[in-house]
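Worth knowing before you read on, the calculation uses all heavy atoms, side chains too, and leaves out hydrogens, waters and symmetry mates. Quantities reported herein were computed from a predicted structural model and do not represent experimental measurements.
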Amino acid sequence: MKKTRTGNNRYSDQPLWLRLLVPVLGLAVAIGALVVPVLIANDSKLLTTDVKSRFQAGTIAEHDVRANETFHYVDEAETKRRQQAAVQAINPIFKIALVPSRAMLSDIASLFDPSGAQVDSISSELVARIYNLADIERRKAQAIVRELAETYIAQGVFNEAELLTVQQQGYTEIQVDHIGTVGDETMRELLPVSEALHVNELSTRIHADLREISKEYSEDLLMIVFDSLREIMRPNVHFDPVATALSREEAASLIPPVIVRVEKGQYILVKDYVITDDDIRTIQAMRLASVQYTPSQMFGRVFFVIIITISAMYAFHMAFIHSKRELQFFLIFLTGILVTQILTFVSLKLFMGLGFLSMESFLPVFILPIFLALITNRKRVGMIAAVALASYAVLLPTATVTTVFLLVSISFTGIYFIRFVSKRIDMVFEWFFGIIAASFIVLLNNLVNGYGFSQVLQSIAAISANVSVTYILVSLFMPMIELVLNLPTPFRLRELAFSDSPALVRLSQNAVGTYNHSMMVAEMAYAAAKEIDADPLLARVAALYHDIGKQEHPEYFIENQSGDNKHDDLKASLSVAIIKSHVKIGIEKGREARLPQEVLDIISQHHGNDVIAIFLKEAQDAAIRENSKHEVKRQDYAYNNQIPQSPEAAIVMLADSIEAASRTVKKPSAQKYEKLVNQIIMGKIERKQLAACRLSLTDLESIARVFVQILTGRFHTRIDYPDVDKEEKT
């Protein structure tokens with residue numbers, strides 16, 4: 001049978017801004033899928049801290065770690081060691097200062113010149129001794145003092161404290177810059193610290209030098225020379241921190257970075273071997289290298305995200321191609337992905353760096369698939385969300401080769417257990433079995449990756465907490481979404497199907513026959529929908545409420561009549577109007593009872609635009625008898641509603657017609673019911689009542705078989721009891 005579509009303008013009654021929100025959210029989802037991994041990847045501190053928390057130097061490696069790609073990295077620690085060695089190789093630099101050198105020579109001239117200025121640092125007793133010398137003796141003493149002073153100044157007189165500091169730093173040599181005359185270059189001399197002359201050693205040096213000339217001069221003159229040098233000489237060489245720092249900085253800058261090349265497949269850690277600091281640095285470098293994206297990699301990621309996003313949106317569209325709620329569910333789907341991306345970023349920021357080998361157990365990607373599968377009652381919708389979120393998770397820096405397997409399998413398992421959920425309390429059992437299944441999957445994943453036993457326990461604890469939070473949030477948010485959007489979730493449908501709602505109570509009180517008819521139609525519709533994998537709960541609820549409009553005027557419907565037929569005294573046109581009105585009244589009553597829109601649609605479609613044949617025939621016969629010139633129009637005696645648009649609506653239509661017709665069968669048998677069922681189905685096909693319901697001929701054959709089984713079971717024959725005649729007479 002050809003399947004056609006009607007009602008293509010499903011969005012026409014929606015505001016334009018709401019329709020435009022779908023592509024805007026789709027673009028936001030794609031941007032989020034690209035931005036979240038980049039934000040995590042750019043947080044190098046977070047990535048390296050995560051490695052340090054998972055691997056500690058001096059411990060034993062629990063599993064092998066191999067490079068997943070060839071990469072280069074700068075060994076900053078080794079480079080720093082070499083730079084420090086280069087810096088340490090630069091000896092401290094000392095400079096001979098001109099100002100104190102010239103000041104000492106000037107003091108000598110003033111000291112031995114009677115007409116010169118008095119030198120403050122020279123004692124008056126020494127000055128008096130010099131003045132008491134004869135001129136020739138004074139000039140000799142001055143010459144000796146100047147000659148020795150120039151020698152010491154040229155060699156350099158050091159500060160003992162500075163030399164001691166240099167020795168404490170481990171240096172045995174120093175560099176001394178000798179400043180020459182104007183235009184001359186500074187000469188740098190390498191001098192052992194032990195040979196450097198400092199003030200405290202100056203007395204010994206002067207004694208030694210004077211001893212060599214002691215035979216040529218008097219002892220008094222030499223004592224004056226000794227005392228003069230003792231009081232005039234002071235340090236003229238000082239440590240130059242600026243020159244030293246510049247030289248060391250230049251030496252460090254000449255050290256090239258130490259580049260380490262790691263080949264793909266190379267072992268970084270070997271199981272049961274001690275982890276070293278170099279190993280940890282290499283793993284950190286591998287982690288950082290894996291998130292440094294080249295332009296071609298970024299292009300590939302953008303293309304990948306676009307393909308996944310478009311594919312997910314197209315699959316989602318195909319899942320709701322015949323549903324009026326497609327826009328609502330689209331907005332929930334895309335908004336849920338955006339929220340999941342934000343929660344993923346927050347989770348990784350919180351839990352990375354705490355020492356967990358696998359971060360997949362912390363990703364909040366199970367909430368949306370299970371939530372969508374429950375509120376839409378379409379498991380494949382949850383699977384679409386699961387695959388999309390798992391695909392986006394592959395782009396995260398923490399992803400492994402088994403990320404998709406882990407996330408998809410846990411999500412699919414949770415969605416599978418939904419088939420056993422019929423009451424809200426069943427969510428507790430689904431949570432329990434979900435934890436067991438998720439723990440087993442995590443255990444398998446950790447064994448594949450070769451993680452240690454302690455890491456397996458951590459992962460199982462994390463996934464158990466994740467699944468628990470998932471079901472808590474789903475259980476909290478689902479009733480709110482049900483209430484706001486009036487969704488036909490399995491829980492809501494079950495409450496409507498198996499509870500005495502006020503609408504059904506009134507129907508049972510005002511129209512007993514219609515109520516019994518509806519109960520039978522509900523049983524037939526439920527079994528038929530279940531047989532062809534339609535929504536059995538939706539079919540049952542719609543069948544229960546499909547005739548609630550008859551409670552207004554129940555006496556005009558044959559199943560509620562026990563005597564005269566009210567229509568015998570009415571014209572056919574008026575009877576048709578009364579019969580047709582029960583559909584409109586039923587929709588109004590359904591809205592008052594806050595039935596989901598899907599149920600209201602089936603109420604409005606359960607007669608389609610089919611003809612009410614008995615009154616059409618009556619009108620035609622009356623026109624012939626009365627020789628009326630007015631033409632009896634077929635459309636005036638037909639329902640003016642939309643034909644069934646879903647399998648459930650078609651099933652309710654067929655069950656309604658077949659159940660009513662089955663009551664007219666005399667001496668019922670399986671053969672008679674089979675013939676009746678097939679006649680009614682073929683009649684609906686011929687009158688194009690099933691053209692838009694998406695039922696195939698195979699589906700109709702299955703439905704017919706179920707209907708025959710139920711009718712045969714209801715009207716099965718019984719054995720004759722001996723006292724039946726007597727009881728009947730009594």
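With respect to R705 and E531, a salt bridge is recorded, a charged nitrogen being found less than 4.0 Å from a carboxylate O. Contact check on E523 versus R540 returns no salt bridge, with no Lys/Arg side-chain nitrogen under 4.0 Å from an Asp/Glu carboxylate oxygen.
Contact check for M653 versus K684: side-chain heavy atoms found under the 4.5 Å cut-off. Using a 4.5 Å cut-off on side-chain heavy atoms (C-beta onward), L676 and S662 make contact. Residues F330 and H317 have side chains in contact (heavy-atom distance under 4.5 Å, counting atoms from C-beta outward). The closest side-chain heavy-atom distance from L537 to N377 is not below 4.5 Å. Between S361 and V442 the shortest side-chain heavy-atom distance falls below 4.5 Å. Looking at heavy atoms from C-beta onward, R694 lies in side-chain contact with S646 at the 4.5 angstrom threshold. Inter-residue side-chain proximity for H546 and D656 is flagged as met; some heavy-atom pair is nearer than 4.5 Å. Annotation: side chain of Y471 is in contact with side chain of I370 (closest heavy-atom distance under 4.5 Å).
Atom CZ of F316 is separated from atom CD of E326 by 8.0 Å, given to the nearest 0.5 angstrom. For the atom pair CD1 of I685 and CG of L700, the computed distance is 5.0 Å after rounding to the nearest 0.5 Å. The line from CZ of R594 to CG of L496 is 10.5 Å long, rounded to the nearest 0.5 Å. Note that the CD1 atom of I441 and the CZ atom of F405 stand 6.0 Å from one another [nearest 0.5 Å]. Q689 CD to I643 CD1: the interatomic distance, rounded to the nearest 0.5 Å, is 6.5 Å. With values rounded to the nearest 0.5 angstrom, I548 atom CD1 is found 8.5 Å from E592 atom CD.
Of the possible polar contacts, one joining the S508 side chain to the V505 backbone as a donor-acceptor pair under 3.5 Å is found. Listed for the D535 side chain is a donor-acceptor partner under 3.5 Å among the backbone atoms of L538. Put simply, the side chain of S475 never gets that close to the backbone of I472: no donor and acceptor are under 3.5 Å apart. Side-chain atoms of R591 do not come within 3.5 Å of backbone N or O of G586 as any donor-acceptor pair. Checked by atom type and distance alone, the side chain of S409 pairs as donor or acceptor with a backbone atom of L406 at under 3.5 Å. Looking at Q605, its side chain never comes within 3.5 Å of a backbone N or O of I602 through a donor-acceptor pair.
Evaluation of the ring-ring contact (aromatic ring centres under 6.0 Å, His included) rule for H607 yields H582, Y639 as partners, not counting sequence neighbours.
Taking every heavy atom of both residues into account, T340 and G336 meet most closely at OG1-O, 2.7 Å. Shortest non-hydrogen contact noted between T335 and L331 is OG1-O, 2.6 Å. Heavy-atom minimum distance, A650 versus L695: CB-CD1, 3.6 Å. V408 approaches A386 most closely through the heavy-atom pair CG2-O, 4.3 Å. Counting all heavy atoms, side chain and backbone alike, V652 lies closest to A539 at CG2-O, 3.7 Å. Across all non-hydrogen atoms, the minimal contact from V706 to A527 is CG1-CB, 3.6 Å.
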| said: The test is side chain to side chain contact (heavy atoms under 4.5 Å, CB included); show your working for L389 and L407 and say whether it passes. | reply: CA-CA 8 Å; L389 291 173; L407 300 183; over 6 Å; no
| task | Decide side chain to side chain contact (heavy atoms under 4.5 Å, CB included) for I332 and F371; before the verdict, give the C-alpha distance in whole Å, the side-chain angles of both, and the deciding distance to 0.1 Å. | result | CA-CA 10 Å; I332 294 174; F371 182 74; 4.1 Å; yes
| Derivation and outcome, side chain to side chain contact (heavy atoms under 4.5 Å, CB included), residues F491 and M427 | CA-CA 11 Å; F491 307 128; M427 290 288 287; 4.0 Å; yes
| Stepwise side chain to side chain donor-acceptor pair (under 3.5 Å) check, S696 with D699 | CA-CA 5 Å; S696 66; D699 294 334; 3.2 Å; yes
| request: Test salt bridge (Lys or Arg N to Asp or Glu O under 4.0 Å) on K324 and E598 and set out the steps. | output: CA-CA 9 Å; K324 294 181 179 179; E598 287 77 0; over 6 Å; no
| request: Evaluate the side chain to side chain donor-acceptor pair (under 3.5 Å) criterion for residues R506 and Q509: first the C-alpha distance (whole Å), next the side-chain angles of each, then the deciding distance (0.1 Å), finally the verdict. | output: CA-CA 5 Å; R506 285 194 298 270; Q509 294 171 346; over 6 Å; no
| request: Assess whether side chain to side chain contact (heavy atoms under 4.5 Å, CB included) is satisfied between M313 and L334, documenting all intermediate values. | output: CA-CA 9 Å; M313 293 180 68; L334 296 175; 4.2 Å; yes
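A side-chain N or O of S501 and one of Y545 form a donor-acceptor pair less than 3.5 Å apart. Donor-acceptor pairing under 3.5 Å is recorded for the side chains of Y392 and T309. Side-chain contact of E482 with N486: a donor-acceptor pair under 3.5 Å is absent, judged by distance alone. In this model, no donor atom of one side chain and acceptor atom of the other lie less than 3.5 Å apart for R687 and N609.
More than 12 heavy-atom neighbours from other residues, nucleotides or ligands sit within 6.0 angstrom of NZ on K672. Remark: L476 CG is packed, more than 12 non-hydrogen atoms of other residues, nucleotides or ligands lying under 6.0 Å away.
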